[in-house]
Each structure stands twice: as C-alpha cells, then as structure tokens.
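I have placed the structure first, in the form of structure tokens, so that the comments after it can refer back to it.
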There are 2 protein chains.
Amino acid sequence: MPAVLEVLAEPHRRQILDALRQGEQPVGVLVDVLGASQPAVSKHLRVLREAGLVDVRPEGQRRLYRLRPEPLLELDAWLEPYRQMWRISLDKLEGHLTPGVPDA
Amino acid sequence: MPAVLEVLAEPHRRQILDALRQGEQPVGVLVDVLGASQPAVSKHLRVLREAGLVDVRPEGQRRLYRLRPEPLLELDAWLEPYRQMWRISLDKLEGHLTPGVPDA
DNA sequence: AGGAAATATGCCCTGAGCGTTATATGTGTG
DNA sequence: CACACATATAACGCTCAGGGCATATTTCCT
C-alpha cells in the first residue's frame, strides 16, 4: 500500500523534502542544496509530485514546490500497529514487577 | 541516515514484518505467507536482519525470526519534524475558527 | 521579435536489486 | 551412520531506477 516508502527510499528525495520544510522553494535552490544536476532534481520532483508528496505552483518562470502532508500521514498510520506492539512490550517490562505473567 | 526506508521499500519485506507482528515465526511459515520461494525469503530476512529490523533465534532445525523495534522508532523519529509542521498548519486552521485557544 | 533564464523531457547507459536454480550447511531421526 | 528436513548461500540473468547530456518548452526582458 504505501508507495510512499518506495519514494522515500531515495536519499536525494528525502533531502528535497527536508529542504522544503523551510517552505516553498524553486527548483534552482533545490539543485544547489542537493548538489545534483538540474535534470536529476526535476525528475525526483516529478516522482515526489506523482506520489503526492509535493505540490507545484508556477511563479513567473520559476516553479515553487511545497510539501504535502497526506502521504506522510499515511506512513504515520502504517507505523501505528508497530507502535502499539512496542507499547505493549514496554507495558510488559513494567509489568515485570507484578509476577505470574508468561509471554505467548 | 534512515537506511530503514530503503529496506522497507520492498513489499515482501513489509509483508514479513507484518507477519511477524503475530509473534516469532520460522522461515517456513513466512514462505507460505508470502507465497515466495524459500531462498527469496531467506535473502529478505538477511536484509532485514542486517538492518536490525528482525532478530533470529535458533530453535532446533528452525530459525525463529522476531521483530525489533529500534529501526522503526528511528523512522518514527525521522517523521517528527514533519509532524510538527502539520501540527502547526492544523493549529493555524483551528485558530481561524476558535481564536485564542492553544491546546496542550 | 530575439535572446536569456528556469524548468521539463527524451534517450542512453550503468549499476543494483530481486528472483530462480542449484548447492552447501546444519540438525534432528531411525 | 545414513537420510530427511529446514534454512542459508552461490551464481546467474533480468529488469528497472537513477544519472548525464542534449534538447524542448515556457516566460521574462529589452
């Protein structure tokens, strides 16, 4: 389900998201930040956009990219069952003080 | 930094983690669950293990794999700055409706 | 209109990841 | 000890993602 994970697997793309936390950025700035070629960055932005992780807005001859929350919220949701597990595990540890509870 | 994301990009690996939420499982069971070949599963388990996402314990001729929380906690931590962003955004939205009410 | 700046796209090439088959390793059982 | 079961590893092939270069496209400026 989370195609987000496949998109986030790429370090450069994470760098882009990271940079966009500062707010909207034109492609040029991202190129500088990443130290990658402009076409490379544009391609990553395409992927990010198609995954819904970023949004574009034309401003003159530049295109301003900004973050979009939804996919990351989805990822957050994907993590939830695991969080519950750890929580239970931690509870068990604390419960160690109270005896007589073997684990399954 | 989160090599976790690269590991989680693989659907089969996510399936494995998913299956391990039920508790320790031997390789054979995972093979059945995934419907993949045994060597394929073993290789994925290797990757998961080297990423610290699972742990092994020999039990007779089987090897029982179980989840390990740390890498997912790391991922959770990676999400944190983004969560803050959305929280701020949401606060702004709410602030429009009911002004002057900060939440705990 | 012509030219420069900003960005996107197409094409090719390389490398890495995943799968499959065959085989090695290890571990119980008779 | 010989053999079956469970898992790991090796070797190979294939596909695809990511990078580079050249080029198309849009927009701004004069």
Side-chain angles (χ1 to χ4, degrees), chain A residues 1-20 22-68 71-72 75, chain B residues 1-20 22-68 71-72 75:
Chain A
M1 303 284 187
V4 199
L5 285 167
E6 279 141 45
V7 173
L8 294 179
E10 233 288 325
H12 281 158
R13 289 198 279 261
R14 290 195 296 262
Q15 275 188 260
I16 291 179
L17 296 186
D18 210 24
L20 290 182
Q22 313 288 97
E24 290 186 316
Q25 303 289 349
V27 180
V29 170
L30 298 173
V31 169
D32 291 348
V33 172
L34 295 215
S37 77
Q38 177 265 312
V41 172
S42 275
K43 213 172 181 186
H44 283 306
L45 286 170
R46 193 201 214 318
V47 174
L48 288 168
R49 184 160 31 94
E50 289 177 342
L53 277 158
V54 302
D55 203 3
V56 215
R57 175 173 72 97
E59 186 228 36
Q61 41 185 348
R62 336 226 152 165
R63 317 200 81 202
L64 297 179
Y65 284 81
R66 65 175 161 178
L67 281 180
R68 277 195 32 175
L72 290 181
L75 174 54
Chain B
M1 300 292 182
V4 200
L5 285 167
E6 279 142 47
V7 173
L8 294 178
E10 232 290 325
H12 281 159
R13 290 198 279 262
R14 290 195 297 264
Q15 275 189 261
I16 291 179
L17 295 186
D18 210 23
L20 291 182
Q22 313 288 98
E24 290 186 315
Q25 302 289 350
V27 180
V29 170
L30 298 172
V31 168
D32 291 349
V33 172
L34 295 216
S37 78
Q38 176 265 312
V41 172
S42 274
K43 208 170 183 184
H44 284 306
L45 285 170
R46 192 200 218 310
V47 175
L48 288 168
R49 184 158 33 91
E50 288 175 344
L53 277 159
V54 302
D55 203 1
V56 214
R57 174 173 72 97
E59 186 227 35
Q61 40 186 346
R62 336 227 152 161
R63 316 200 80 202
L64 296 180
Y65 284 81
R66 64 176 162 177
L67 281 180
R68 277 195 34 175
L72 289 181
L75 174 54

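Hydrogens, waters and symmetry mates play no part in the numbers below; they use all other heavy atoms, side chains included. Numbered from 1 within each chain, the chains take letters A, B, ... in sequence-line order.
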Notebook entry, point to check: Atom CG of Leu30(A) and atom CG of Asp18(A): how far apart are they, to the nearest 0.5 Å?
Noted result: 11.0 Å

Notebook entry, point to check: Are the side chain of Arg13(B) and the backbone of Val7(B) linked by a donor-acceptor contact shorter than 3.5 Å?
Noted result: yes

Check: Just how far is it from atom CG of Leu5(B) to atom CG of Leu75(B), taken to the nearest 0.5 Å?
Finding: 5.5 Å

Notebook entry, point to check: Which pair of non-hydrogen atoms, one from Glu6(A) and one from Pro11(B), has the smallest distance, and what is that distance?
Noted result: OE2-CG, 4.1 Å

Checklist line | Separation of dC18(C) C1' from Glu6(A) CD (nearest whole Å) | finding: 13 Å

Check: Of the non-hydrogen atoms in Arg14(B) and Leu8(B), which two are nearest, and what is the gap between them?
Finding: NH1-O, 2.7 Å

Checklist line | Protein-nucleotide distance (Arg46(B), atom CZ; dG17(C), atom C1'), rounded to Å | finding: 14 Å

Check: Can you give the first and last nucleotides of DNA chain D, 5' to 3', that have an atom under 4.0 Å from a heavy atom of chain B?
Finding: dC5(D) to dT9(D)

Checklist line | Spacing of Leu67(B) atom CG and Leu20(B) atom CG [to the nearest 0.5 Å] | finding: 5.0 Å

Check: Taking OP1 and OP2 of dA8(C), is either one under 4.0 Å from a side-chain nitrogen or oxygen of Arg63(A)?
Finding: yes

Checklist line | Closest non-hydrogen atom pair, Glu10(A) against His12(A) | finding: OE1-N, 2.9 Å

Next item on the list: For Arg49(A), answer base if it contacts any base atom (sugar-phosphate contacts may also be present), sugar-phosphate if it contacts only those atoms, and nothing otherwise; contact means non-hydrogen atoms under 4.0 Å.
Entry: nothing

Note to self: Output one letter per nucleotide in nucleotides 19-30 of chain C: B when a protein non-hydrogen atom lies under 4.0 Å from the base, S when only the sugar-phosphate is that close, - when neither is.
What the structure shows: BSBB----BS--

Check: Just how far, in rounded Å, is C1' of dC18(C) from CD of Gln15(B)?
Finding: 14 Å

Per-pair distances, 0.1 Å, donor-acceptor, side chain in residues 36-43 of chain A, under 3.5 Å, sequence neighbours excluded:
| unit_1 | atom_1 | unit_2 | atom_2 | d |
| --- | --- | --- | --- | --- |
| Ser37(A) | OG | Ala40(A) | N | 3.2 |
| Gln38(A) | NE2 | Ser42(A) | OG | 3.1 |

